[in-house]
Amino acid sequence: LSARALEDMAAGFAALSALGHERLTIRQSLVFLAVAHAHAMGQSITLTDIRTRYAGTGALGDAIIKSFAMFLPPTKRLPEALGWIVQEEDENDRRFKYLRLTEKGQHVAAT
């Protein structure tokens with residue numbers, strides 16, 4: 001990687017850390033960035049897509065559910081969730097759940 005790419009990456013992680021939860025992990029950040037990238041490209045993305053994209057890297061491991069739950073709307077079980085991503089079922093096939101940025105998530109991605 002170039003020095004500029006590393007600087008941009010560090011700035012992105014720093015911004016996510018400042019806007020997110022104090023214990024936001026790199027794995028969680030990677031999931032958010034994958035969803036934000038799909039949004040910016042006008043594409044849909046599922047957890048399976050993210051898993052497949054990073055399968056050989058070891059970056060996400062088996063804990064992808066924990067990695068993205070922090071970005072869903074808050075619940076009793078996870079009141080500190082950020083509400084940056086929602087899951088939406090495919091109208092034609094309920095097995096597919098697409099991850100989409102909320103308005104709040106779009107603001108964070110634009111920061």
Side-chain angles (χ1 to χ4, degrees):
L1 293 172
S2 70
R4 177 66 183 166
L6 289 169
E7 181 181 1
D8 290 345
M9 190 175 359
F13 282 118
L16 281 177
S17 178
L19 294 168
H21 189 270
E22 63 189 23
R23 295 179 63 189
L24 195 65
T25 67
I26 290 176
R27 286 181 175 172
Q28 290 168 326
S29 298
L30 181 58
V31 170
F32 176 76
L33 293 171
V35 175
H37 178 259
H39 175 83
M41 299 298 290
Q43 300 170 347
S44 297
I45 195 165
T46 65
L47 281 178
T48 301
D49 296 333
I50 295 171
R51 224 185 234 137
T52 301
R53 184 173 296 162
Y54 299 106
T57 67
L60 290 176
D62 295 329
I64 192 168
I65 300 300
K66 289 181 181 178
S67 294
F68 95 100
M70 177 58 78
F71 298 109
L72 295 175
T75 63
K76 285 184 181 182
R77 188 172 168 206
L78 192 59
E80 69 273 12
L82 300 168
W84 295 355
I85 295 174
V86 292
Q87 289 186 72
E88 296 177 353
E89 285 185 356
D90 185 300
E91 294 175 3
N92 300 316
D93 191 339
R94 294 177 51 188
R95 294 176 295 172
F96 293 103
K97 293 183 181 171
Y98 296 106
L99 303 177
R100 306 223 191 277
L101 293 181
T102 62
E103 198 171 306
K104 194 174 182 181
Q106 290 175 38
H107 172 73
V108 171
T111 301

At their closest point, which heavy atom of [X] faces which heavy atom of [Y], and how far apart are they?
X: Arg53; Y: His37; answer: NH1-ND1, 4.4 Å
X: Gln87; Y: Leu99; answer: CG-CD2, 3.5 Å
X: Pro74; Y: Ala81; answer: CG-O, 3.4 Å
X: Ala34; Y: Ile45; answer: O-CD1, 3.9 Å

Take Glu7 and Ser2 through the side chain to side chain contact (heavy atoms under 4.5 Å, CB included) test and state the conclusion after the steps. CA-CA 9 Å; Glu7 181 181 1; Ser2 70; over 6 Å; no
With a 4.5 Å limit on heavy-atom distance, are the side chains of [X] and [Y] in contact?
X: Leu6; Y: Met9; result: yes
X: Lys97; Y: Asp90; result: no
X: Leu82; Y: Lys104; result: no
X: Leu101; Y: Ile85; result: yes
X: Trp84; Y: Leu16; result: yes

Who are the salt bridge (Lys or Arg N to Asp or Glu O under 4.0 Å) partners of Asp8, not counting sequence neighbours? Arg4
Quick one: pull up CG in Leu72 and CE in Met70 and give me the separation to the nearest 0.5 Å. 10.5 Å
State the CZ-CD distance between Arg100 and Glu88, to the nearest 0.5 angstrom. 5.0 Å
Under 3.5 Å, is there a donor-acceptor pair linking the side chains of Asp49 and Thr52? no
Under a single-linkage definition using a 4.5 Å side-chain heavy-atom cutoff for Ile, Leu, Val, Met, Phe, Trp and Tyr, are Phe32 and Leu19 assigned to the same hydrophobic cluster?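 Phe32 clusters together with Leu19.
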Heavy atoms of other groups near Glu91 CD, more than 12 under 6.0 Å: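 Counting neighbours around CD of Glu91, 12 or fewer heavy atoms of other residues, nucleotides or ligands fall under 6.0 Å, so no.
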Per the side-chain contact (heavy atoms from CB on, under 4.5 Å) rule, which among Val35, Leu47, Leu30 passes with Phe68?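 It is Leu47; the other options fail the test.
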Taking transitive links into account, so neighbours of neighbours count too, which hydrophobic residues share a cluster with Phe96 at under 4.5 Å side-chain distance? Tyr98
